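Excluded from the calculations below are hydrogen atoms, water molecules and symmetry mates; all remaining heavy atoms, backbone and side chain alike, are included. Fair warning: this is a prediction, and the values are worked out from it, not measured in the lab. Throughout, residue positions are numbered sequentially from 1 according to the sequence presented.
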Amino acid sequence: MSLPPILDLQAAEPLRAELMALRGRPLTLDASQVTRLGGLCLQVLMSARKIWAEDGHSLTVDQPSSGFSEQLAAFGEPDLQFGS
């Protein structure tokens, strides 16, 4: 699944809905196009990571853009790992 370039307040609910539609199987998120990561979307991603782990599936982020990585660091999560 490709993440949109702007993960802001307006993107949070569509992101949550799309992730939940894919629940129950391993999932790789392509973060190569992300230019902005807001706090609410980060919460959605962290919640999804927990749900996937509880379900026994992997949730990974592939090719994080520099913007995605920089904004994780700004939130105090520079080494945030998505995966099983």
Side-chain angles (χ1 to χ4, degrees):
M1 173 181 148
S2 293
L3 295 174
I6 298 175
L7 291 169
D8 60 5
L9 178 64
Q10 293 182 345
E13 177 53 31
L15 175 62
R16 186 206 64 78
E18 189 170 0
L19 287 169
M20 291 302 99
L22 298 170
R23 186 175 178 181
R25 57 187 153 198
L27 179 62
T28 299
L29 303 174
D30 178 353
S32 63
Q33 300 300 312
V34 176
T35 59
R36 187 179 335 153
L37 174 63
L40 194 54
C41 282
L42 175 59
Q43 289 179 358
V44 169
L45 292 172
M46 292 177 73
S47 177
R49 178 182 65 171
K50 182 179 179 191
I51 290 168
W52 260 248
E54 289 172 353
D55 289 350
H57 297 291
S58 64
L59 176 65
T60 57
V61 173
D62 191 31
Q63 302 178 28
S65 67
S66 60
F68 184 87
S69 297
E70 289 168 7
Q71 288 172 17
L72 281 179
F75 281 115
E77 297 289 343
D79 298 320
L80 182 66
Q81 296 295 314
F82 287 85
S84 57

Participant: Sort and list the pairs that fulfil salt bridge (Lys or Arg N to Asp or Glu O under 4.0 Å) and have at least one residue in residues 16-29, not counting sequence neighbours.
Facilitator: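 Listed once each, the pairs are Glu13-Arg16, Arg23-Asp55.
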Participant: Is Leu42 reachable from Val34 through a run of I, L, V, M, F, W or Y residues, each pair having side-chain heavy atoms under 4.5 Å apart?
Facilitator: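 Yes; tracing contacts between hydrophobic side chains, which count when under 4.5 Å, links both residues.
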Participant: With a 3.5 Å cut-off and sequence neighbours excluded, list the donor-acceptor pairs that the side chains of residues 5-12 form with protein atoms.
Facilitator:
{"unit_1": "Asp8", "atom_1": "OD1", "unit_2": "Gln10", "atom_2": "N", "d": "3.2"}
{"unit_1": "Asp8", "atom_1": "OD1", "unit_2": "Ala11", "atom_2": "N", "d": "3.2"}

Participant: Of all the heavy-atom pairs spanning Phe68 and Val61, show the shortest one and how long it is.
Facilitator: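 Where Phe68 meets Val61 most closely, the heavy atoms are CE2-CG1, 4.0 Å.
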Participant: Can you hop from Leu45 to Leu40 via hydrophobic side chains spaced under 4.5 Å?
Facilitator: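 Leu45 does not cluster with Leu40.
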Participant: Once rounded to the nearest 0.5 Å, what's the spacing between atom CD1 of Ile51 and atom CG of Leu27?
Facilitator: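 That separation rounds to 12.0 Å.
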Participant: Enter the distance from Leu37:CG to Leu3:CG here, rounded to the nearest 0.5 Å.
Facilitator: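 That separation rounds to 9.0 Å.
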Participant: Using 0.5 Å steps for rounding, measure from the CE atom of Met1 to the OG1 atom of Thr28.
Facilitator: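 That separation rounds to 11.5 Å.
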Participant: Which heavy atom of Gly24 sits nearest to which heavy atom of His57, and what is that distance?
Facilitator: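 In this case the closest contact between Gly24 and His57 is O-NE2, 3.2 Å.
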Participant: Is there a donor-acceptor contact under 3.5 Å from the side chain of Ser65 to the main chain of Thr35?
Facilitator: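 Checked: no pair found.
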Participant: Just verifying a value: how many Å separate Glu70 CD and Arg36 CZ, rounded to the nearest 0.5 Å?
Facilitator: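 One finds 14.0 Å between CD of Glu70 and CZ of Arg36.
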Participant: When you compare the side chain of Leu19 with that of Leu29, does any pair of heavy atoms fall below 4.5 Å?
Facilitator: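 SC-SC contact between Leu29 and Leu19 confirmed.
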Participant: Roughly how far, to the nearest 0.5 Å, is CD of Gln43 from CE of Met46?
Facilitator: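 Nearest 0.5 Å value for the CE-CD distance: 8.5 Å.
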